[in-house]
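Following: one structure in structure tokens, then a few remarks.
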Amino acid sequence: MELFMKSSSLWGLEIYLFCLFIVLSNINGVFASHNIFLDLQSSRAISVKNVHRTGFHFQPPKYWINDPNAPMYYNGVYHLFYQYNPKGSVWGNIVWAHSVSKDLINWIHLEPAIYPSKKFDKYGAWSGSATILPNNKPVILYTGVVDSHDSQVQNYAIPANLSDPFLRKWIKPNNNPLIVPDNSINKTKFRDPTTAWMGQDGLWRIVIGSMRKHRGMALLYRSRDFIKWAKAQHPLHSSPHTGNWECPDFFPVSLKNTNGLDASYRGKNVKYVLKNSLDVNRFEYYTIGMYDTKKDRYIPDNNSIDGSKGLRLDYGNFYASKSFYDPMKNRRIVWGWTNESDVLPDDEIKKGWAGIQAIPRKVWLDPSGKQLIQWPIEELETLRKQKIIQLNNKKLSKGEMFEVKGISASQADIEVSFSFSSLNKAEQFDPKWADLYAQDVCAIKGSTIQGGLGPFGLVTLASKNLEEYTPVFFRVFKAQKNYKVLMCSDARRSTMRQNEAMYKPSFAGYVDVDLVDTKKLSLRSLIDNSVVESFGAGGKTCITSRVYPTLAIHNNAHLFVFNNGSETITIETLNAWSMDVPKMH
């Protein structure tokens, strides 16, 4: 296993890539934000290239997509609205595309539900949410852009025909806009209304993302009839030095079980989650805390941090997420957008498409009450084809790796459980790393750097001779008072393609687990041609990476399991499946 052995050439490459990563991480927003290319917004695709197109993730037949809008379940049908450019593969000409499904896996694409057409959204119909009103009537709230300066207002739309099971047509009533920002609000930072919830006083409430100076804000509005809205004197929550808050999401979670709760739930034994997408660096974070219904204030728990150093739904390429309550299966589901990382607009034009939605995830509160757990919805398992139970209780010594054969390694679902007999060989955690992001530590301690307890994990989308590969792995450190588990999804060697602008970060997050008693770690990775979506420790830490191999594509992709630590690792179980392609109409 020469690739995972330390060498002077690899060390030089590690230094170069780490420096490049630091530069790129400082301009992360450039790669994820909605860059405006007026000359390319309507450049239609001559053909759609399928080399890196996903097989079982959601994406339309062609062109650009971004934020998932207003997912909802209504009368037996799941609806997904999303931001879409019907004329090209870069951001622009945005409409609310609309797709429906019975199972969140197989989809029917419909005509757009909302597109700019009135003075209250002439310059844009941006993100929003759906709410099911009494008498089972759905309504959409969305942000309209009213001028060329990006001044924003909040509008609503309703179905034209409630008897249509797919709700194909939507009406934007002439009494829009419902909410216009007052003089205290930055009109260009006033967007993405949440799903509404009703308080004990019978008033509806929504949150709108905003910013005042450097302070991110979740502005609170109330209404008795869903038409006339009044801004509260204070925001639901705000935090300094966090910049503009986009795509806020506010919902209750149960302290008792994994069931989801409706946004208007008013029972006991709950905590609340406030998630925000940070415009300043394109990271998402969330806090867990208490909702004081009398004061209409959200108070994060003491161990819940606002800002980029806080908890994230996903520590990789995942943004503008939106959750909804699914009454059919009594669960809360979150969708998230994962954009392209090949960066240059010409790449999207040539491919004929850009952007996918991550696999929808069930989300619930960890028994500790300190964080959320996420796991791919159970319906995804219907796409599993032949099952390969590769092995049980196989030991991996330092430097060992083996190939998982018998599946399509470019389109697969892998679950593996690792164990180890001792923590004694865990490396010391350098106190200097305490102020770094986890992905900075991963850039320093990559999969090729030999360790004590780890690195061990999967090598995904690998070429035969390992010229290309994306490792997903754990590394255990000994800190002053406990053990720290680093989980990485490292794209730095994912492609041989020479493109200095390509974003290939060493995404990473820490996993909050107690290894003293169990000495076990689990990993699940969903591999789909140009995306590796991974779930560590049963969904405590999630990382999504976009990668663009040139050799490890389709039947030429390989999958390995490796250990590059001195502590012997036992693979207790490894199950792997090739994944089928869902039906898209």
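Because the structure is predicted, anything quoted here is derived from the model rather than measured.
- Ser522 places no side-chain N or O within donor-acceptor distance of the main-chain N or O of Ser417, the cut-off being under 3.5 Å.
- Heavy atoms only, all atoms of each residue included: Arg53 and Lys62 are closest at NH2-N, 4.3 Å.
- Inspection of the Lys540 and Gln371 side chains reveals no N or O donor paired with an N or O acceptor under 3.5 Å.
- The line from OG1 of Thr338 to CD of Gln59 is 10.5 Å long, rounded to the nearest 0.5 Å.
- For Phe456 and Phe473, the gap between ring centers reaches or exceeds 6.0 Å.
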**OP:** Would you sort out whether Lys275 and Ser323 count as a side-chain hydrogen bond (donor to acceptor under 3.5 Å, both in side chains), showing the intermediate values?
**Re:** CA-CA 10 Å; Lys275 188 278 307 182; Ser323 74; over 6 Å; no
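- Here the side chain of Tyr510 pairs no donor or acceptor atom with the backbone of Thr541 at under 3.5 angstrom.
- When atom types are taken as modelled, the side chain of Glu246 and the backbone of Asp279 share no donor-acceptor pair closer than 3.5 angstrom.
- Listed by chain and number, the residues in a ring-ring contact (aromatic ring centres under 6.0 Å, His included) with Tyr315 amount to none (sequence neighbours excluded).
- Side-chain atoms of Ser545 do not come within 3.5 Å of backbone N or O of Val532 as any donor-acceptor pair.
- The two residues Phe81 and Ala113 come nearest to each other via the heavy atoms CE2-CB, 3.7 Å.
- Here the side chain of Asp490 pairs no donor or acceptor atom with the backbone of Arg493 at under 3.5 angstrom.
- Judged by the 6.0 Å and 45° rule, Lys87 forms no cation-pi pair with Tyr63.
- The number of heavy atoms from other shown groups lying within 6.0 Å of NZ (Lys309) is above 12.
- In this structure the side chain of Glu340 reaches within 4.5 angstrom of the side chain of Trp353, judged on heavy atoms.
- Taking CZ of Arg331 as the start and CD1 of Ile377 as the end, the distance is 5.5 Å to the nearest 0.5 Å.
- For Glu111, the side chain to side chain contact (heavy atoms under 4.5 Å, CB included) test picks out no residue, with sequence neighbours left out.
- Taking the six-membered ring where tryptophan is involved, the planes of Phe507 and Tyr503 are perpendicular, since the angle between them exceeds 60° and thus also 30°.
- You'll find the side chain of Val472 stays beyond 4.5 Å of the side chain of Ile543, heavy atoms only.
- Remark: Arg312 qualifies as a cation-pi partner of Phe283 under the 6.0 Å distance and 45° angle criteria applied to the six-membered ring.
- Interatomic distance, Arg282 CZ to Asn317 CG, rounded to the nearest 0.5 Å: 11.5 Å.
- Pairing each heavy atom of Ser494 with each of Ala491, the nearest pair is OG-O, 2.7 Å.
- Side-chain contact between Trp375 and Trp364 is present, with at least one heavy-atom pair separated by less than 4.5 Å.
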Original post:
Under the side-chain contact (heavy atoms from CB on, under 4.5 Å) criterion, do Lys351 and Tyr548 qualify, and how do the steps go?
Top reply: CA-CA 12 Å; Lys351 286 189 304 186; Tyr548 305 91; 4.2 Å; yes
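- Although no hydrogens or angles enter the test, the distance criterion places a donor-acceptor pair under 3.5 Å between the side chain of Gln357 and the main chain of Asn66.
- Taking a 6.0 Å sphere around NZ of Lys464, one finds it holds 12 or fewer heavy atoms contributed by other residues, nucleotides or ligands.
- Under a cut-off of 6.0 angstrom, the local environment of CG in Asn555 is sparse, with at most 12 non-hydrogen atoms contributed by other residues, nucleotides or ligands.
- Atom CZ of Phe166 sits in a crowded spot, with more than 12 heavy atoms from other residues, nucleotides or ligands closer than 6.0 Å.
- Using modelled atom types, one side-chain atom of Ser578 and one backbone atom of Ser408 make a donor-acceptor pair closer than 3.5 Å.
- Contact annotation: the side chain of Ser127 never approaches that of Lys322 to less than 4.5 Å [non-hydrogen atoms, C-beta and beyond].
- Between Ser321 and Val334 the shortest heavy-atom distance is CB-CG2, 3.9 Å.
- Looking only at distances, no side-chain donor or acceptor of Glu415 sits under 3.5 Å from a matching main-chain atom of Asn575.
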**OP:** Given side-chain contact (heavy atoms from CB on, under 4.5 Å), test Arg475 with Glu427 step by step and report yes or no.
**Re:** CA-CA 9 Å; Arg475 197 175 196 119; Glu427 303 165 76; 2.8 Å; yes
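- Rounding to the nearest 0.5 angstrom, the gap separating the NE2 atom in His52 from the CG atom in Asp528 is 12.0 Å.
- Between the side chain of Trp126 and the backbone N or O of Asp192, no donor-acceptor pair lies under 3.5 Å.
- Annotation: side chain of Tyr469 is not in contact with side chain of His558 (no heavy-atom distance under 4.5 Å).
- Within the 4.5 Å cutoff, the side chain of Phe535 has heavy atoms near those of the Arg361 side chain.
- A ring pair (Phe, Tyr, Trp, His ring centres under 6.0 Å) with His109 is found for one member of Tyr84, Tyr82, Phe58 and no other, namely Phe58.
- Leu515 is listed as a side-chain neighbour of Leu521, based on a closest heavy-atom distance under 4.5 Å.
- Dense packing is recorded around NZ of Lys329, with more than 12 heavy atoms of other residues, nucleotides or ligands lying under 6.0 Å away.
- Here the shortest heavy-atom pairing between Ile414 and Ala412 reads CD1-CB, 3.8 Å.
- Counting only N and O atoms by type, the side chains of Thr550 and Arg497 include no donor and acceptor under 3.5 Å apart.
- When atom types are taken as modelled, the side chain of Glu284 and the backbone of Ala320 share a donor-acceptor pair closer than 3.5 angstrom.
- Among all heavy-atom pairs drawn from Trp337 and Gly355, the shortest one is NE1-CA, 4.0 Å.
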**OP:** Start with the C-alpha gap between Leu380 and Ile105, add the side-chain angles, then the distance that decides, and say whether side-chain contact (heavy atoms from CB on, under 4.5 Å) holds.
**Re:** CA-CA 7 Å; Leu380 182 67; Ile105 299 296; 4.2 Å; yes
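- At a threshold of 4.5 Å between non-hydrogen side-chain atoms, the residues Asn85 and Trp91 do not count as touching.
- Between Glu567 atom CD and Phe420 atom CZ the span is 8.0 Å, to the nearest 0.5 Å.
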Original post:
What do the steps show when you test Asp326 against Tyr78 for side-chain hydrogen bond (donor to acceptor under 3.5 Å, both in side chains), and what is the final call?
Top reply: CA-CA 9 Å; Asp326 175 12; Tyr78 293 101; 2.7 Å; yes
**OP:** Give the intermediate values and the outcome of side-chain contact (heavy atoms from CB on, under 4.5 Å) for residues Lys385 and Met579.
**Re:** CA-CA 6 Å; Lys385 294 196 286 190; Met579 295 295 280; over 6 Å; no
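- The OG1 atom of Thr568 sits 8.0 Å away from the CD atom of Glu400 when rounded to the nearest 0.5 Å.
- No side-chain donor-acceptor contact under 3.5 Å links Thr382 and Asp103.
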